[in-house]
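First comes the structure, then the notes that go with it.
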Amino acid sequence: MLRSRVLVVHGKVAETQELERGPLYHADQIMQRQVITVRASDDVARAWRVLVEHQIHQAPVLDATGRLVGIVGERDLLTTFNIDDGQLRDVLFKRVSDVMSTPVVAATPVTDIRRIAQVMLERLVDGVPIVSEGGILVGFVSRSDILQAVVTDPPLSVWR
């Protein structure tokens, strides 16, 4: 539980109250359950096509047994080829395992999204894979998922 000290003003007298705040949302309440993934053994050109086709910026990387072993993003892949008019050219033959980021930051389904957001800011990542107790990928929380949850609850007010 997060505790915050809030200044409450009653007329002209101000007092401090302790407010206990529970989780805003847990990861499993906002995560995408259908996750686009690539294999560590895939070549980088295939991984690029997956990202472009699904209009995503990164994808979790799975090994041959389906375990999460890394994450690969556009920046990782762009180091391996040149793009000309949207077409791949001068592709270096590399596997996703050669360019992916590992170890990967992951969370469990009951992780508070504020903690996930904090880790995303600290680690400069755009999203966090969500894994079960056994390490199996069960979802993905992106910046957009967190922003959507924050603007939904509590409702925002616009002041003039």
Quick one: are [X] and [Y] in side-chain contact, heavy atoms under 4.5 Å?
| X | Y | answer |
| --- | --- | --- |
| Ile130 | Gln32 | no |
| Glu74 | Leu51 | yes |
| Arg114 | Tyr25 | no |

Practice problem: Answer yes if Val72 and Val52 sit in the same cluster of Ile, Leu, Val, Met, Phe, Trp and Tyr residues linked by side chain heavy atoms under 4.5 Å apart, and no otherwise. | Solution: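 Same hydrophobic cluster.
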Quiz item: Applying the 4.5 Å side-chain criterion to the ILVMFWY set and letting contacts propagate, would Val110 and Met31 be lumped into a single cluster?
Solution: no
Identify the two heavy atoms, one from [X] and one from [Y], that lie closest to each other, and give their separation to 0.1 Å.
| X | Y | value |
| --- | --- | --- |
| Val69 | Ala40 | CG2-CB, 4.3 Å |
| His26 | Asp112 | CD2-N, 4.3 Å |
| Ile113 | Ile146 | O-CD1, 4.0 Å |
| Arg39 | Thr65 | NH1-N, 4.5 Å |

Quiz item: side-chain hydrogen bond (donor to acceptor under 3.5 Å, both in side chains) with Arg67: which residues, sequence neighbours excluded?
Solution: none
Quiz item: Partners of Asp126 by side-chain hydrogen bond (donor to acceptor under 3.5 Å, both in side chains), sequence neighbours excluded?
Solution: Arg75, Arg143
Hydrophobic cluster partners of [X] (side-chain heavy atoms under 4.5 Å):
| X | result |
| --- | --- |
| Leu124 | none |
| Ile71 | Val35, Leu62, Leu68, Val104, Val131, Leu137, Phe140 |
| Val105 | Val119 |

Exercise. Sorted by first residue and then second, give each side-chain hydrogen bond (donor to acceptor under 3.5 Å, both in side chains) pair with at least one member in residues 131-142; sequence neighbours left out.
Key: Ser142-Asp145
Practice problem: Name all pairs fulfilling the side-chain hydrogen bond (donor to acceptor under 3.5 Å, both in side chains) condition that reach into residues 99-108, sequence neighbours left out, sorted by first residue then second. | Solution: Thr108-Thr111
Exercise. Identify, with sequence neighbours excluded, every residue that meets side chain to side chain contact (heavy atoms under 4.5 Å, CB included) alongside Leu147.
Key: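 Listed in chain order: nothing, the list is empty.
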Practice problem: Would you please name every residue forming a side chain to side chain contact (heavy atoms under 4.5 Å, CB included) with Glu122, sequence neighbours left out? | Solution: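 Partners of Glu122 under the side chain to side chain contact (heavy atoms under 4.5 Å, CB included) test: Arg115, Gln118.
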Quiz prompt | Expected output: side-chain Arg95 to main-chain Ser41 donor-acceptor under 3.5 Å | solution =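 Yes; at least one donor-acceptor contact below 3.5 Å.
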Exercise. Name all residues meeting the salt bridge (charged side-chain N to carboxylate O under 4.0 Å, His left out) criterion together with Asp42; count only those two or more places apart in sequence or in a different chain, and write none if there are none.
Key: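 Salt bridge (charged side-chain N to carboxylate O under 4.0 Å, His left out) check on Asp42 returns Arg46.
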Practice problem: Begin with the C-alpha distance, continue with both residues' side-chain angles, and end with the deciding distance and a verdict on side chain to side chain contact (heavy atoms under 4.5 Å, CB included) for Gln58 and Asp76. | Solution: CA-CA 9 Å; Gln58 62 186 357; Asp76 303 316; over 6 Å; no
Practice problem: To the nearest 0.5 Å, tell me how far Ile30 CD1 sits from Ser144 OG. | Solution: 10.5 Å
